[in-house]
> 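Could you have a look at this structure, given as structure tokens, before my questions?
Note: hydrogens, waters and symmetry copies are ignored here, and every other heavy atom, side chains too, is used. In what follows, chains are A, B, ... by sequence order, proteins preceding strands, each numbered from 1. Everything numeric in this text was worked out from a predicted model, so none of it was measured.
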Amino acid sequence: MLKETLIDLLTQAAIQAQQSGKLPSATLPTVTIERPQNPEHGDYASSFPLKLARSAGANPIEIARELVKLIPPTPEIESIAVAPPGFINFTLKNGWLMQQVDVILSEREKFGNIDLGHGSRVQVEFVSINPTGPLHVGNGRGAILGSTLSNVLTAGGYNVEKEYYFNDAGSQMEALRRSLFARYQQCLGVDVEMPSEGYFGNYMVDLAREIISEEGDRFLSLSEAEAISELGKVGVEKIISSIREDLELLRVDFDAWFSEQSLYENGQFDRVMALLREGGHLMEKENATWFVSTSLGEDKDNVVVRGDGLPTYFAADIAYHYNKFLERNFDRVIDIWGADHQGHVSRLKAAVAALGIDPDRLELIINQMVTLRRGGEMVRLSKRSGDLITLREVIDEVGTDACRFFFLSRSANSQMDFDLELAKQESQDNPVYYVQYAHARIASILRLAEGRKISYADGDVSLLTTEPELTLIRKLLLLPEMVEVVVQTLEPHHLTYYAQDLATSFHSFYKLCRVVSDDQALTKARLKLVEATKTVLARTLHLMGMTAPDRM
RNA sequence: GUCCCUGUAGCUCAGCUGGAUAGAGCGGCUGCCUUCUAAGCAGCGGGUCGCAGGUUCGAAUCCUGCCAGGGACGCCA
């Protein structure tokens, strides 16, 4: 990429300056290249001379001038300027920019790909909620974040596997099964109480009714333990498939669904506990088994096996991550969690390190809470308490594209309000339509050209000389840099801003530059530009999991 | 009490691995449809970047303290 070329050029110039004694031979600071906000400062800029001035003890302007003298001409760069207090500004050649339109047209949907991962294997695990009820909006946020990030990592040259981890063991599932059995009995006229730790949402009643309509009262004739287990199995299956459906509606899919239960059945859980014990990380106290994380710098120790002999969620998670790193050998693992799991981060990293795995290979993304409002009023999201707006209701109301865009446009670090009253209205002037509209407009132009039988494969891109055209080309060329930024920061929200920016440049071009006109040569050149723009817009939308409509 | 996230324009938020006059969308106000989609374009107005110190040639960005909002501190997940 051009950015790397510029870094090389500057580094080489600095080394040369050192060799000729123009710069003291101290270690060089890292060369950074920025995209200046002000177009007068060129396409790329570097504050390298300013950083160099500190160690060299020289005037940054003088350093900049020396460096610029040592940079050889290249096919891409028109001019290199020195600006106070010590910036070096690079401006690209118009001719080179124009040629990139042909490059984009030849790369098609591959344009934007940049090989940073070199095929290394990265697992992205997200959503992963217990099958104890339908997804709510907060889960939707993680789902969209995870699926988008996976798309971008793939574009960034990684071999990505998306996984849903599925807690089908543990006390929460037991509470769910008991709740279901209670509702089942109640629906059949049996006077029983819900368990106090149960799930009180109405969906549990619906679920019980659904099972009754399909399977009748046959579970009543079983022993209580059997009934809870058998009915529970049916119920959990149904909940899982409804979760799957909700995610499909959001265009979120997974390569693997991983069962917690499997860790116990294949002995991996026991193996991991043995490993920890051998490493001296386990300790018996207060009738339970503890992971001694205080000796690894943590605030406190954590229970892995409870007094009743059952493993904790934490213990299962350690085994699960052992499986990810040592059984399946992922190079990197990215987990996306809700803010309520924040406290779990450092102890899981400590546990991973205790297993001899470099904890930096495990990256955690915490997305902050989504609070749901109806008008001004807050709506609780707790599954146990009952009043719950499901993700599906929100998707039905707002639509998948607008939903994805909305969730994607805020960084995971900031909490967000989702106001249902405003959802529809907001979806009307949602920026996603602004972006899609640009795509649809282009499709319309291309239809017109096709109708007039204009073939433009031989269009001459060197005719794209006006300011709106060159601005648009510059924006097209940002896509690979966006992919790079997202891969490096794991923050896909940047894509939404890029998409809007690109659409703005197109709409502005559209207003100022007639594409299909009497000027045949110019028409062909502009059809190329417009098609390249369509390609980049579509790619950007697809990376975000959105549709690129040809008509609106 | 400890830890994590957040505090930027009327509202919702970008910008935060330090860089050149702090940006966008929405809302408000002005203009623009005889020609490829006005779900659009052009322009105007709007900011003590929570507060106070510090580091630096340079701080919205880094450090410290405080204030405010949210989250976590369980033999739940």
> Among the candidates B:A77, B:G40, B:G25, find the nucleotide nearest to the side-chain atoms of A:Asn167.
B:A77

> Pick base, sugar-phosphate or nothing for A:Asn367, based on heavy-atom distances below 4.0 Å to the nucleic acid.
nothing

> Listing request: all salt bridge (charged side-chain N to carboxylate O under 4.0 Å, His left out) pairs with a residue in residues 481-493 of chain A, at least two apart in sequence or in separate chains.
A:Lys3-A:Glu484, A:Arg35-A:Glu481

> Ignoring hydrogens and angles, does a donor from either the side chain of A:Asn430 or the base of B:A39 sit under 3.5 Å from an acceptor on the other?
no

> Just call it for A:Ala45: base, sugar-phosphate, or nothing, with non-hydrogen atoms closer than 4.0 Å on any strand.
base

> Tell me which of A:Ala339 and A:Val516 sits closer to the 5' end of RNA chain B, going by the nucleotide each one is nearest to.
A:Val516

> Report all interatomic pairs (protein N or O, nucleotide N or O of nucleotides 15-17 of chain B) with separations under 3.5 Å.
from  : atom 1 : to       : atom 2 : distance (Å)
B:G15 : OP1    : A:His493 : NE2    : 2.9

> Categorize A:Asn89 for me: base, sugar-phosphate, or nothing, with a 4.0 angstrom heavy-atom threshold over every strand shown.
base

> Quick one: list whatever passes ring-ring contact (aromatic ring centres under 6.0 Å, His included) with A:His493, sequence neighbours left out.
none

> How would you label the contact of A:Ala440 with the nucleic acid (heavy atoms, under 4.0 Å): base, sugar-phosphate, or nothing?
base

> What nucleic acid atoms does A:Arg35 come within less than 4.0 Å of, heavy atoms only: base, sugar-phosphate, or nothing?
nothing

> Within the 4.0 Å heavy-atom criterion, would you say A:Ala412 contacts the bases, only the backbone, or no part of the nucleic acid?
nothing

> Under 4.0 angstrom, heavy atoms only, what part of the nucleic acid is A:Phe314 near: base, sugar-phosphate, or nothing?
nothing

> If you check every side-chain atom of A:Gln342, which of B:C41, B:A20, B:G71 has the closest atom?
B:G71

> For RNA chain B, report each stem as range with range, ordered by first number, or say none. Use Watson-Crick or G-U wobble pairs under 3.5 Å, at least 3 in a row.
B:1-7 with B:67-73, B:10-13 with B:23-26, B:28-32 with B:40-44, B:50-54 with B:62-66

> A:Glu286 has a side chain; which of B:A72, B:C75, B:C73 sits nearest to it?
B:C75

> Under 6.0 Å between ring centres: does that hold for A:Phe87 and A:Phe48?
no

> Of all the choices, B:G19, B:G40, B:A14, which nucleotide is nearest to the side chain of A:Pro85 once you look at every atom?
B:G19

> Given B:C4, B:C5, B:G19, which nucleotide is nearest the side-chain atoms of A:Gln415?
B:C5

> Under 4.0 Å, counting only non-hydrogen atoms across every strand here, what does A:Tyr434 touch: a base, just sugar-phosphate, or nothing?
sugar-phosphate

> The criterion is side-chain hydrogen bond (donor to acceptor under 3.5 Å, both in side chains); which residues satisfy it with A:Tyr264, sequence neighbours excluded?
A:Glu260

> Considering only residues two or more places apart or on different chains, which pairs with a residue in residues 282-295 of chain A satisfy salt bridge (charged side-chain N to carboxylate O under 4.0 Å, His left out)?
A:Arg277-A:Glu284, A:Lys285-A:Asp301

